[in-house]
Each structure stands twice: as structure tokens, then as C-alpha cells.
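The structure displayed is predicted, hence computed values, not measured ones.
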Amino acid sequence: MAKINLAGVQRNRDLAEIFHQMALCYKYLGNEERFRAIAYEAASRTLYNLKEDIAVYAKDIKTLDTLKGIGESIGEKILEYLSANKIETFEKLKKKVPQQLLELMDISSLGPATIKLLHEKLDISNREELIEAIEAGRIATLRGFGAKRIENMKRGLKLFKEAHTRLLLEDAMIIAEPIFKQVQSMPGVIKAEIAGSLRRKKETIGDIDIVAAAEKRLWKKIIKNFISFSSTERVLASGETKASILLKKTNVQVDLRLVEESEFGAALLYSTGSKEHNIVLRTIAKAKGWKVNEYGVFETESDKKLAGATEEEIYNLFDMQFIPPELREMRGEIEAARNHLLPKLVEEKDIKADMHMHSTWSDGAENIESIARYILSEFPHYEYIVITDHSPSQHIAGGLQAKEFLAQFKEIEKINKKLGKGFIKKGVELDILTDGSLDLPDELLQQFDWVTASIHSGFNRDNTKRLIKACQNPNVHCIGHPSGRLIGQREPYAVNWDELFEISISTGTAIEINAQPLRLDLRDDLVKMAIEKGVMLTISSDAHSLNQFSFMSLGVAVARRGWCTRKNILNTFKWQAIESFKKNKTKVSGTMAL
Ligand code: DGT
Ligand code: CA
Ligand code: CA
Ligand code: ZN
């Protein structure tokens, strides 16, 4: 898989955060600065998604200029930051805009005008004061603030809290990796694993847990070493066998637990959780006259140790199959493991294609040929990719007109010829309009190799009917990011999943697991429900830039948490099988001919 330069990613993200703050300042300053706000937000996004260290581009303004959303003025700010570690314009902005109000700007339901009004009329300057004012009923006394608007504010606040107390899986992985490597390489550490929700690949992560087996005589030194890592902001706790630190910048907590090599499996099992899974294991043990703790499994009466060095050994003792961490959520895994009925979970290496991505034709950062060459070199096991640019209704995202799609077909054919194989498939991410109709005519749709239809508007209502109507179109092969949620930013819209899954099966329409870190949509529990009914899924990155193709691994994690085998995932099959799947479309049948 593609390797990422972590120091570079961190630098890019620091700068992205500054540009985001600058955008918020300009947004606050009002209409005249509106375009600056948009420009800085776009630059922030580009930096956030940049694969290479920004320093690589920063040799001169011209190279920077080739980056999407970065012109001369912002380019200069980047150079300034890289040489001086600060940006003068930002320093000045900070003086003009009340900084404490900025955190309010990040709440999805609040615009600058509302914030100013709340500040002026009710002296509200931060989230706590806003929450207090809502609860005391003071907001409701203002003109224009009805029950519905206040409800929206509450929802925005709830999402904000979620987004700021828990990390997205992707961010947690990036933050954890360097710390984990540091732990692994400390003298005396025999082996180490990441545990907790991060090992279970939950969509959001509260803190990072690491378990290490180490030589006992060096434990003291290891703990001392750990709490004085250069990335440590603050030490929360430090004892003989464990320690907790807060990391600089991100304020993320990292818990380290030390054990002896013979206890490693038991400690790892305990720290991996979930808590509910652990509790059930303990209950089962009790019934057998055993006890389970961080040190091993013991006979309660004699204290004789029965297992503990590896997780395999422990599950084996319980006469269970090894339960992959992603399944340890009390969704039936204990029962299945006892009956030796656990599914063989899909793996990254099973994935043969990415079926949702955007090129420069719409809102992607790379042209089709660069995408194809990148995939061929970084994902050599992929057999095909589907370019799915936006359809006409997506103005902001540069949606293509019918004519432009025909031109894109020509380009794809040309590049395929050059590469000597039919690697690139012609696709589209079609807009499902408010009434469930589609925004391209059927004659055109028939010419695509793969059509994914998604909802990009009307998030505040039940969208079951719209989705069903899209499935019923014989030219639609897949539903994209089916719930429309953005983790910590936008709630999923209402869908009757039972009904949608039934229709998806009867019309032969696949459902996507969108692997964008903010989406992870379809959600894991719904994935399980879908495949139990027999729905065919796809996993796609929805990449808008080259570094986003690696999001596939997040999508695979969601599929694993949803109990998927490779047979549940359409893009683990060869293109020929996709063609048969398409032929099945609209034939009313419950089973797919694959
Ligand atoms: P998070 O950090 O909120 O995303 O979720 P986890 O699952 O990583 O939870 P965390 O960090 O509080 O604890 C790590 C693991 O330690 C957890 O998954 C199971 C275990 N654990 C923590 N507290 C308890 C407890 O009170 N009882 C049991 N049985 N296990 C616990
Ligand atoms: Ca944790
Ligand atoms: Ca923890
Ligand atoms: Zn989309």
C-alpha cells in the first residue's frame, strides 16, 4: 500500500488548520471578505489532502501555483509559514476578530450574522455560554429564533461535541503511528500492539491504547522514557505498569500498559475490548470456575494459570475461534465463535477495484491519466477503476453536462489504449433529485460502464422514496454514500433501511460503503444488516486526490466490522462478474448470479 510521509502530513495539517482559522476570521468579517473566506477554506482542504510534504512544493511560488486552490497570495503565505513559522496576516486577523467567537463558527448551524447577534444581544462568546442561554430559554426571547431554529442549534452543538471529543478513525491512525513506533523501538520492549477502539477500527476513537510486553527490570525506564517523549504535552498519570499522556497540538490521550511476555495475550485482550465483549468472556469463565483478568485466565480455586501469552491461546481455551478485533462488539460474535461459524472477513488484498473517484473533469485534483498511473503503481493488485465524476446538478462540484461526458469517454478510451488495457471504466456519480428522478437521460446512462446514484441535497427528511426510485431505474447500478451523514458534522437523513435493502436486492442494485473518513457510509451495523438480507455491497474511496485512494483500508475496516466476507463485496470480483451483476439488474430475484 502507498506509504505516507508522516512528518509532512503533520506539517500540511498544521498549515491547513491555520488557513481554516483564517477562513473563519474572514467569514466573520462579513460579506466583503466572503471570497477570501472561500479561498482560504479551499486552500485548507488542498493542504489537508496533500500527499507530499508541502515543503516539497515550496521551492518557489510557481510550483505552489500548480496546486489546486493555491494562487500567488496564498502561496506567499505558505512560504512565509515555512520560513518564519507564522503568518503575519493571520496575526493581524487574530487582533481584529474576537478569537473566542471562532469556535462558535465551527458549529454547523451557526452563521456569522447569528453569532454577532448572539454576542451583541446576549453577550454570548463561547459554547458554554450558548448552551447555558439555550437551557435558560434566553435565546427563545430573541426575534427570529423559533423552536425549530433552536432545535437546529442544539443539534449542531451535539455534533460539534462529538467531533471535538472523539477523533475520526483516520486521524487517530495517523496520530497513533509515530507514537506506537516509538514505543516499539524502546530498549526492553519485546513486542507491542495498539489496542482499544483503534484496534477494533471503530469509526471514532476516544483515546489511543498501547500494550507492550517488556523486560520487567526495564519497566521503570520505559515508563520514564514514554512520559518524556518530545510529543508529550502533559503527563496525566504515571505508575509502575502504566502511564497516560496528552499529546501536543492534538491533545489526544495515549495510554501505555506494560506486561510480561507471558501475559501479553491477556493484557491485549483486556485492553482491546470492547468492554461489553470482555464482560461476557468473564461471565463465561466464571461459569467454568475460571477467572479472566489482564494477566491471564486462571482456575479460581487453585489460581492455576490456564492461558495468557496469546489471544489465540485464550479463545482456544474457551473452545472458540479466534475473534478478530473488529468483531468484538457483542453483535453475536461469541455465539458464532463457539459454533465455529465466524465469517472469513474480507481483507484489503481481496479488493480488486475502486469504483468511485473524481478527476479534474469535476471536483477532483488529478487528471484521469495521472490517476490511472498512480493506481497502477501504488495498488498493483487492482484490475480496474471507475471514474465517477459529478453530473450536471452538482454545480459547485463542477458537474459535467451530457456533452462533456461524451468527451470524457473519448479521453478514457485514448488513455486505455495507451496503457494497453481496459483498466479505466466509464462511470458517473449521478445526482438523485428531490423527487427521486435523475439528472441525466437514460440514453446517456446506458453508455456508462457503471452508474452510482447519490443524494446531495434535502438532508432533513426521510429519503427512502428517493433512494427506492433511483434503485428502480434500470441504469442505476449502485447507491453512493447511502445515509448522507458526515461524522460529527451532519446527522444521517432518515431512511427505512429494511425497505431500501429489500428493493436493492429485488432490483439488483448495489449499495456503497463510502470510505471517506468523514463518511464511512454505510455504517458498520447497517452493513451487517444489509448482508444478512443478501444485499451486494461495494467499497470505494470516493477519492478526490491521489492520497485519498488509501482510504480504501477504512472502508474495508467498516466492512469487517459489518461481518463481510469477500463475497459480500462486489469489487472483490473481476470485471466480468460486474458485467453479470449488471445483467441481473431489474430481474426480480433474491440471489445474485455471481
Ligand atoms: P474509546 O477510547 O472511547 O474509543 O474506546 P475504548 O474501547 O478504546 O475504551 P478505553 O480506552 O476506555 O478502554 C480500552 C479498553 O480497556 C476497553 O475497550 C476495554 C477495557 N476496559 C476499560 N475499562 C473497562 C472496564 O471497566 N471493564 C472492562 N472489562 N474492561 C474495560
Ligand atoms: Ca481507547
Ligand atoms: Ca484508554
Ligand atoms: Zn457524492
Smallest separation among heavy atoms of [X] and [Y], with atom names:
X	Y	value
Gly75	Leu64	O-CD1, 3.5 Å
Asn251	Leu246	O-CD2, 3.4 Å
Leu169	Leu198	CD1-CD1, 3.7 Å

- Item | Cation over ring face, Arg127 and Phe160, 6.0 Å, 45° |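 Negative - Arg127 is either too far from the ring of Phe160 or too far off its axis.
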
Note: [X]-[Y] ion pair, threshold 4.0 Å (strictly below):
X	Y	value
Lys94	Glu91	yes
Arg11	Asp53	yes
Arg257	Glu294	yes

Between Asp524 and the options Lys202, Lys201, Arg331, Arg200, the salt bridge (Lys or Arg N to Asp or Glu O under 4.0 Å) test singles out Arg331

In Arg485, Arg519, Arg561, the residue satisfying salt bridge (Lys or Arg N to Asp or Glu O under 4.0 Å) with Glu203 is Arg485

Assess the side chains of [X] and [Y]: does a donor N or O sit below 3.5 Å from an acceptor N or O?
X	Y	value
Glu429	Ser454	yes
Arg34	Asn31	yes
Thr464	Asn496	no
Asn49	Ser545	no
Gln548	Gln516	yes
Ser271	Asp209	no

Review point. Between Ser391 (side chain) and Asp431 (backbone), is there a donor-acceptor pair under 3.5 Å?
Key: yes

Parallel, tilted or perpendicular: rings of His358 and His390 (30°, 60°) =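 Parallel.
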
Margin query: Under the criterion salt bridge (Lys or Arg N to Asp or Glu O under 4.0 Å), I'd like the reasoning laid out for Glu17 against Arg13: C-alpha separation, chi angles, the key distance, then a yes or no.
Written below: CA-CA 6 Å; Glu17 177 56 26; Arg13 291 195 170 184; over 6 Å; no

In Thr452, Asp521, Asp542, the residue satisfying side-chain hydrogen bond (donor to acceptor under 3.5 Å, both in side chains) with Asn514 is Asp542

Can you establish whether the number of heavy atoms outside Arg461 located under 6.0 Å from its atom CZ is more than 12?
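More than 12 heavy atoms, drawn from other residues, nucleotides or ligands, come within 6.0 Å of this atom.
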
